[in-house]
Amino acid sequence: MLNLKFIQDNPDLVIEKLAVKRFDARAIVEKVIALYKRRNEVQNDSEIQKAEMNKISKEIGQLIKEGKQSDVELAKQKTVELKEQIRIFEEQFALIDAELAQLQVQLPNLPSTLVPKGKGAEDNEVVATGGTMPNLPADAKPHWELAAQYDLIDFELGVKITGAGFPVYKGFGARIQRALINFFLDQAREKGYLEVQPPYLVNEASGFGTGQLPDKEGQMYHDSTDNLYLIPTAEVPVTNIFRDVIVEGKDLPIKTTAYSACFRREAGSYGKDVRGLNRLHQFDKVEIVQVAHPDKSYESLKDMVDYVQTLVEKLGLPYRILRLCGGDMSFTSSLTYDFEVWSAAQERARLLIKLQCGLKRTSSC
RNA sequence: GGAGAGAUGGCAGAGUGGUCGAUUGCGGCGGUCUUGAAAACCGCUGUACCGAGAGGUACCGGGGGUUCGAAUCCCUCUCUCUCCGCCA
């Protein structure tokens with residue numbers, strides 16, 4: 001969320017930057033500036049009254065000590081009107097403040113200077129490609145058929161036990177899943193990431209801490225008995241490690257990695273691209289997170305992009321890295337790289353990894 | 001599920017209605033001493049917001065209340081710990 005003072009001091013910059021994201025911020029920015037000024041005036045008036053009130057209260061304490069009972073009564077009378085004025089000012093302040101907050105959340109994060117202008121997927125910038133495209137015969141099978149043929153993943157069994165989107169990995173399928181998790185964790189550790197095993201259920205505060213709540217309320221599995229949420233990504237518990245804590249500047253960047261199962265309701269996505277492993281309710285993911293100094297966050301992002309590139313290289317996958325254009329970026333991001341891996345049998349690129357640098361300054365893999 | 005205790009500054013831990021934004025210790029920063037370091041000693045050391053500044057306001061788990069005045073009293077919520085019970 002953009003800082004009010006920043007908006008006030010740099011209105012043109014905000015408008016110009018958000019235009020890259022195809023967002024017309026002019027009206028909101030103007031309103032914000034006017035309200036912000038008004039809010040500060042009210043705050044000032046209110047605080048003058050409060051200062052007076054505090055002063056009188058201290059005097060009363062002194063008078064009581066000295067036993068000047070009549071003066072005490074006199075002073076108390078003065079506070080009656082002050083109290084009422086303070087109440088009115090505070091009411092006004094709360095009203096303006098709420099309106100301001102409501103406007104503030106409507107402004108997206110500013111894009112980095114690297115972000116290309118553009119509308120949608122076709123305007124994204126390809127920054128790197130690698131690997132060799134496999135040349136498959138015309139009758140090549142998609143992964144869900146192969147998985148069934150070799151009994152690696154049993155989707156039907158998952159349906160019986162739980163429901164669609166909860167596959168059962170079997171035999172070599174289960175082993176390769178475990179091997180990949182180990183591979184990613186081991187690689188991350190070698191790059192200086194601290195491995196953690198976080199809880200898979202988080203409380204409400206953690207949900208808000210990473211912005212999953214209230215935004216994606218319906219996308220998370222929720223246990224209403226204890227008011228806990230199943231994590232949609234290890235990003236949630238891992239970044240919440242740092243919620244409300246002060247870290248030493250010399251310790252930055254702090255690099256953390258975690259494997260977790262991830263749970264997503266994927267409400268509303270039925271019907272398209274849901275076959276096989278394309279869209280699951282439960283899946284495995286190894287996350288990397290860096291906590292960096294704001295001035296160094298783009299360096300951290302670069303570091304992570306380069307690192308992930310080495311992973312797809314090592315796995316020998318055909319891939320490309322995209323720098324998303326303004327129109328294709330998310331609300332909170334300031335710079336996003338997508339790693340797309342080519343899926344030959346499906347004849348399309350699948351998004352494998354999304355790395356973003358944003359307000360939360362989190363990145364995932 | 002039952003009973004009890006607790007939540008205070010980076011950490012530990014005082015404070016039960018009036019100069020308490022908060023004693024003290026640790027940590028951190030600066031200095032004296034030292035060839036250097038350690039020790040010792042001295043000083044400084046929370047955050048946010050408003051203000052050109054002086055300064056002001058708010059914050060002692062969250063919210064509400066009583067009062068001229070609340071870390072302190074009342075109500076309520078949340079969380080943590082201890083003991084008992086139950087349990088895959």
Side-chain angles (χ1 to χ4, degrees), chain A residues 1-11 32-105 107 161-162 198-210 212-214 217 220 222-231 236-237 239-254 256 261 291 293-294 359:
Chain A
M1 197 159 66
L2 297 180
N3 184 289
L4 291 174
K5 202 167 213 157
F6 180 82
I7 298 171
Q8 186 191 42
D9 295 343
N10 309 280
V32 164
I33 290 173
L35 277 173
Y36 184 53
K37 188 162 169 258
R38 178 86 191 106
R39 193 193 70 166
N40 288 348
E41 286 165 6
V42 173
Q43 181 177 350
N44 224 317
D45 290 343
S46 163
E47 285 183 357
I48 288 169
Q49 309 285 339
K50 283 184 190 169
E52 177 67 15
M53 190 78 170
N54 288 343
K55 201 179 125 224
I56 293 174
S57 293
K58 272 186 187 169
E59 282 168 6
I60 288 175
Q62 195 57 38
L63 289 172
I64 289 173
K65 255 186 207 161
E66 293 166 9
K68 295 177 181 166
Q69 213 35 250
S70 55
D71 289 341
V72 169
E73 289 313 313
L74 212 69
K76 279 192 186 181
Q77 277 173 23
K78 279 200 281 185
T79 65
V80 175
E81 198 189 336
L82 267 179
K83 244 187 171 177
E84 178 60 12
Q85 281 180 1
I86 290 171
R87 195 188 60 79
I88 291 168
F89 278 131
E90 284 193 328
E91 226 165 60
Q92 278 181 20
F93 181 87
L95 222 64
I96 297 169
D97 198 48
E99 199 179 336
L100 213 42
Q102 202 266 332
L103 286 170
Q104 214 179 348
V105 296
L107 291 173
I161 299 170
T162 307
Y200 288 6
L201 285 125
V202 294
N203 58 29
E204 213 171 19
S206 293
F208 280 101
T210 39
Q212 258 71 27
L213 289 172
E217 168 94 62
M220 282 194 285
H222 181 223
D223 164 29
S224 56
T225 309
D226 293 310
N227 194 25
L228 296 173
Y229 293 85
L230 272 163
I231 56 172
V236 176
T239 51
N240 272 287
I241 291 172
F242 305 101
R243 166 161 55 93
D244 295 338
V245 299
I246 295 166
V247 295
E248 292 278 344
K250 64 177 165 55
D251 295 335
L252 297 175
I254 301 171
T256 312
V291 178
H293 188 279
L359 205 61

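All chains are named by letter (A, B, ...) in the order of the sequence lines, taking the proteins before the strands, and each is independently numbered beginning at 1.
Distance, Tyr36(A) OH to rG51(B) P: 7 Å, rounded to whole Å. Rounded to a whole Å, the CG atom of Asp45(A) is 12 Å from the P atom of rG51(B). Regarding Ile48(A), its CD1 atom lies at a distance of 17 Å from the P atom of rA54(B), rounded to whole Å. Atom CD of Glu204(A) is separated from atom P of rG62(B) by 17 Å (rounded to the nearest Å). Look at CZ on Arg87(A): it is 15 Å from C1' on rG65(B), rounded to the nearest Å. One atom, CG of Asp226(A), and another, P of rU80(B), lie 11 Å apart when rounded to the nearest Å. Nucleotide rG63(B) holds its P atom 13 Å from the CD atom of Glu90(A), rounded to whole Å. Here rU57(B) presents its C1' atom at 16 Å from CD of Gln85(A), a figure rounded to the nearest Å.
Only the P atoms considered, rG2(B) is 39 Å distant from rG69(B), to the nearest whole Å. Rounded to the nearest Å, the gap between the C1' atom of rU72(B) and that of rA22(B) is 12 Å. rC87(B) and rU78(B) have their P atoms separated by 27 Å, with the value rounded to a whole Å. Taking atom P in both rC42(B) and rC26(B), the straight-line distance is 11 Å, to the nearest Å. Taking atom P in both rU66(B) and rA52(B), one finds a spacing of 36 Å when rounded to whole Å. Rounded to whole Å, the C1' atom of rU32(B) lies 49 Å from the corresponding atom of rU82(B). Taking the P atoms as reference points, rG10(B) lies 16 Å from rG28(B), given to the whole Å. Rounded to whole Å, the P atom of rA58(B) lies 10 Å from the corresponding atom of rG21(B).
Using modelled atom types and a 3.5 Å distance limit, the side chains of Asn54(A) and Ser57(A) yield no donor-acceptor pair.
Positionally, the nearest nucleotide of RNA chain B for Lys5(A) lies more toward the 5' end than for the other of Ala51(A) and Lys5(A).
Residue-environment remark: CD (Glu66(A)) exceeds the threshold of 12 foreign heavy atoms within 6.0 Å.
Looking at the side chain of Met53(A), the nearest of the listed nucleotides rG69(B), rU57(B), rC50(B) is rG69(B). If you check rG69(B), rU57(B), rG51(B) against the side chain of Glu47(A), the one that comes closest is rU57(B). Minimum atom distance to the side chain of Arg39(A) is reached by rC49(B), of the listed rC49(B), rA58(B), rC68(B).
Distances shorter than 4.0 Å separate none of the side-chain N or O atoms of Asn54(A) from OP1 or OP2 on rG56(B).
Separating the CZ atom in Arg39(A) from the CD atom in Glu99(A) is a distance of 12.0 Å, to the nearest 0.5 Å. Rounded to the nearest 0.5 Å, atoms CD1 (Ile60(A)) and NZ (Lys76(A)) are 6.5 Å apart. Put simply, CG on Leu100(A) and CG on Leu35(A) are 5.5 Å apart, with the number rounded to the nearest 0.5 Å.
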Using a cut-off of under 3.5 Å, enumerate the N/O to N/O pairs linking the protein to nucleotides 16-23 of chain B.
residue	atom	partner	partner atom	Å
rG18(B)	N2	Ser57(A)	O	2.7

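Electrostatic pairing of Glu90(A) and Arg87(A) does not count as a salt bridge here, judged by no charged N lying under 4.0 Å from a carboxylate O.
For RNA chain B, if you chain together Watson-Crick or G-U pairs that step i with j, i+1 with j-1 and so on, the runs of at least three with distances under 3.5 Å are B:1-7 with B:78-84, B:10-12 with B:24-26, B:27-32 with B:40-45, B:46-50 with B:55-59, B:61-65 with B:73-77.
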